[in-house]
Structure formats: structure tokens, C-alpha cells
Amino acid sequence: MHISWRVAVGGSAGLVGAVTWAVSSAVYQPIMEPADLWHAGGSVVQSTVESNTYWPRELRHLAVLLAVAGIVVLCRAASRAVATAAVAASGWLTADVLLDRFDVHGTATAVVLATAAAAYVAAAAFFAARLSRADTGGPAVRHVVAGALALLAVTSLLVVTPWVEQTTPAQIRAEMTVLKIVVSVLFAVLAAATVGRPAARGGATIGFGLVAVVAGVFVAVGEYQFVFSYALLIAVAAAMVAVAAPRVRSVAGLVGMTVLSAVCAVATFAMMIIGGMVVGSVLTSLAGNPPVNSADTDISAPLLVTVLGVAMSLLTLAVTALPGALRAVQAGPPASPAAAG
């Protein structure tokens, strides 16, 4: 990929991430977050919220991850760039919790936050580029990064407002839908740019990619309807196979990878729900926000999905590398010149 394309894709991801994070912090979060206390029958009662009330937090975290992923792609997935992006994300997410706790709000505040975030991304990209100037990302690193980004592309579509439609104005719901689709598309573009090399079976890569896109559409528009869970699992499995396809040389290998990815998709969904509730509750507590009603769930997925994406990608990497390792073992060590003489 030419450097101009890397700059365009990485820069777009950084800018969209900065703006989305700022708007979610200062505009959407105040709309959704209720007062800590309310009065009923002469007594003060702790207010609670319902499922998905903290969707602005989901968008904020996705925005941060999108922006730092842009840095990784800009620097060709070099290992030092990945490390720099991870450090930058950690600092940014810490600031996000603090700002959430201070209840920042207002359009002017959003502009200031967007400007500061864009400058932060630019500075992090500068340092990442300097540190990784002579470093090029190896195929293993690219595979893992692309797999994590592909999973984030799918799960970005899970962001929804509370089930009670009256809770959120129609305009906000429409804006959220547009933003999550834009973020999802950019994650997918970054994943494709990271894979970057022709597949051994290019048709398989494109085919599975299209399946992931179609299933993703059902996830985006179906939300919690009947097709939602099935579409999500299909989208995750297809996305993982599309990323792994360039490393697979046979039809049997593609079939095996499909089965493996399907099993991983089911396991990932379960871990995302269970682990997401733990992460969500911790983040809500750290931000000092009203807790979610005990009848509902407080799920925060993006950070956990990133970890799961890395784990799944490491697994598919190991599986695709296994045939070559077995052939090397069967061939034995190369004969030394002395032995040959």
C-alpha cells in the first residue's frame, strides 16, 4: 500500500475517532446520564438506569480504539507502533473515565475535546512513526492486528440505545446509527489495509468478507430481533476467516478454519456477555454514574472485544502456521556442509 493511502486511511480514522469521542463525551453522555438522586414520596432514592443507557461510553471506547488503530496502520503495523498505540490508548481511556466522572458537557466543550484529541492522536502518530522508522510489521503482527480490527468492525454494530425508544430522541438514535456504521466501516478498512497482501485464495477472502458485510447489515438493523444473534455469530466467524484466508493454502484448510472460527464466535459471544458485565460495572463505578437496574445488564464490550480479537487471531495464526511447522519437522534439520562432503 502506498504511503499516501496509509496516511489517508490512518488520518481519517484518527480524525473520526477524535470527533466521535468528543461528541459522545460532551453531548451524548449528558443526555443519557440521569441525576444521581431523585425524590419519591418524601424520600431520596438512588436513581438507576436500564440496559444500553451507557451507549455513549461504548462509542467513546470504540472511537479511541479506532484512532489508535489508525496510528498502527499508518506505521505499517510495526511492533513499536503497536506498543506506542497501546500506551496512547491507555492514557486516553484514563482521561475518558476522569472526564466522565466530572460530567463534562456542552457544544463548546465538545469542540475543545475534539481539538485536544486530534492533537493527541497526531502527537502519538508522530512518535510512533519516529520509533518505527526502520521497523516493518511482520506477517504475524499484521495477522493479529487485522483479526482484532475485524472483530471490532463487527461488534461496533452492537451499540444500541435503550430498548424503551422514548428514552432517546429520534434524532440522537439516527446520529448514533450513522456514527456506529462509519466506525464499523473504518475498522473494516483498517483491517483490510493491515492484511495488505494478495490472498493465496483471493476469492475466499472476498467471499467471506462479503458474508461478514451482509451479516453485519442484519446486526445493524435487526438489533435485538430474531436474526440478531445468528447474524452476529456469522459475521464474527466470516470476518475471522477472511483475515486468515491469505495464510490458508487448501480447501480443506478453509473448511477447518471456518469450523474453528464458528466455535470461536460462539465462545467469544459468551465471554463478551459475561466479561462485559464485569467491565461495565467497574467502569460505571469508576465514573461515579448511576448503576444499572438489577433487572438489566451493564455491559461494556469494546475493550474486552479487543482482547478477545487478539486471542482469536493468535489461535488462527497458530493453526495456519501448523502445516508448515509439521513439514519442517518431517524434513528434519538441513545437512551440514561437512556431512554433505
Side-chain angles (χ1 to χ4, degrees), residues 12-34 49-67 69-70 96 99-100 103-115 117-118 151-190 212-232 235 276 280 284 287 289-290 292-293 296-302 305:
S12 297
L15 182 60
V16 170
V19 173
T20 301
W21 173 78
V23 172
S24 299
S25 297
V27 178
Y28 296 147
Q29 181 71 27
I31 293 175
M32 299 306 300
E33 184 179 332
V49 296
E50 61 178 291
S51 291
N52 309 326
T53 294
Y54 293 127
W55 63 264
R57 179 179 63 195
E58 302 292 281
L59 270 183
R60 296 200 311 268
H61 290 178
L62 288 168
V64 171
L65 294 170
L66 176 66
D96 176 80
L99 290 170
D100 191 357
D103 295 326
V104 296
H105 61 278
T107 303
T109 301
V111 173
V112 172
L113 290 179
T115 303
L151 190 57
L152 283 168
V154 173
T155 53
S156 297
L157 301 172
L158 297 178
V159 179
V160 293
T161 60
W163 294 332
V164 180
E165 293 185 357
Q166 293 81 0
T167 304
T168 314
Q171 179 182 344
I172 299 300
R173 293 200 302 273
E175 292 174 2
M176 179 272 291
T177 300
V178 171
L179 277 176
K180 75 177 183 180
I181 291 175
V182 169
V183 169
S184 176
V185 169
L186 283 174
F187 270 127
V189 171
L190 291 175
V213 170
V214 172
V217 171
F218 280 101
V219 173
V221 302
E223 295 188 351
Y224 290 101
Q225 304 303 317
F226 175 74
V227 298
F228 175 83
S229 297
Y230 296 102
L232 175 62
T284 298
N289 293 334
V292 171
N293 189 293
D296 295 318
T297 52
D298 185 5
I299 295 179
S300 184
V305 165

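Both backbone and side-chain heavy atoms feed into the values below; hydrogens, waters and symmetry mates do not.
Asn293 has its side chain out of reach of Glu50: every pair of non-hydrogen atoms, C-beta onward, lies at least 4.5 Å apart. The side-chain heavy atoms of Ile181 and Thr177, taken from C-beta on, include a pair separated by under 4.5 Å. Residues Leu99 and Ser25 are not in side-chain contact: their nearest non-hydrogen atoms beyond the backbone lie 4.5 Å or more apart. Between Val178 and Glu175 there is no side-chain heavy-atom pair separated by less than 4.5 Å. Side-chain contact between Leu232 and Val154 is present, with heavy atoms from C-beta onward closer than 4.5 Å. Between Leu190 and Leu66, some side-chain heavy-atom pair lies under the 4.5 Å cut-off.
The two residues Val183 and Ser156 come nearest to each other via the heavy atoms CG1-OG, 3.9 Å. Taking each heavy atom of Ala114 and Ala22 in turn, the nearest pair found is N-CB, 3.3 Å. Nearest heavy-atom pair, Gly280 versus Ser300, reported as atom, atom and distance to 0.1 Å: CA-CB, 3.6 Å. Closest approach of Ala18 and Ala117 over heavy atoms only: CB-CB, 3.7 Å. Of all heavy-atom pairs between Leu186 and Ser12, the closest is CD1-O, 4.4 Å.
A distance of 3.5 Å separates CD of Glu33 from CG of Asn289, quoted to the nearest 0.5 Å. The line from OG1 of Thr109 to CG of Asp103 is 11.5 Å long, rounded to the nearest 0.5 Å. One finds the CD1 atom of Ile172 at 10.5 Å from the OG1 atom of Thr161 (value rounded to the nearest 0.5 Å). From Phe187, atom CZ reaches atom CG of Leu157 across 11.0 Å, with rounding to the nearest 0.5 Å. The NE2 atom of His61 lies 10.5 Å from the OG atom of Ser24; values are rounded to the nearest 0.5 Å.
Applying the side chain to side chain contact (heavy atoms under 4.5 Å, CB included) test to Val112 and every residue at least two apart in sequence or in another chain returns nothing. By the side chain to side chain contact (heavy atoms under 4.5 Å, CB included) test, Ala301 is found to be paired with Glu58, Met272, Val305, residues two or more places apart in sequence or in another chain being considered. Listed by chain and residue number, Arg57, Asp298 satisfy the side chain to side chain donor-acceptor pair (under 3.5 Å) test with Thr284 (two or more places apart in sequence, or in another chain). Residues that satisfy the side chain to side chain contact (heavy atoms under 4.5 Å, CB included) test with Leu179, not counting sequence neighbours, are Thr20, Tyr28, Leu59. In this structure Ala110 satisfies the side chain to side chain contact (heavy atoms under 4.5 Å, CB included) test together with Ala26, Val27, sequence neighbours excluded. Under the rule for a salt bridge (charged side-chain N to carboxylate O under 4.0 Å, His left out), the partners of Arg60 that lie at least two apart in sequence or sit in another chain are Asp96, Asp100.
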message = Would Leu62 and Leu152 count as a side chain to side chain contact (heavy atoms under 4.5 Å, CB included) here? Give the steps.
response = CA-CA 8 Å; Leu62 288 168; Leu152 283 168; 4.2 Å; yes

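Under the side chain to side chain contact (heavy atoms under 4.5 Å, CB included) test applied with Trp55, the options Met176, Gln29, Lys180 reduce to a single match, Met176.
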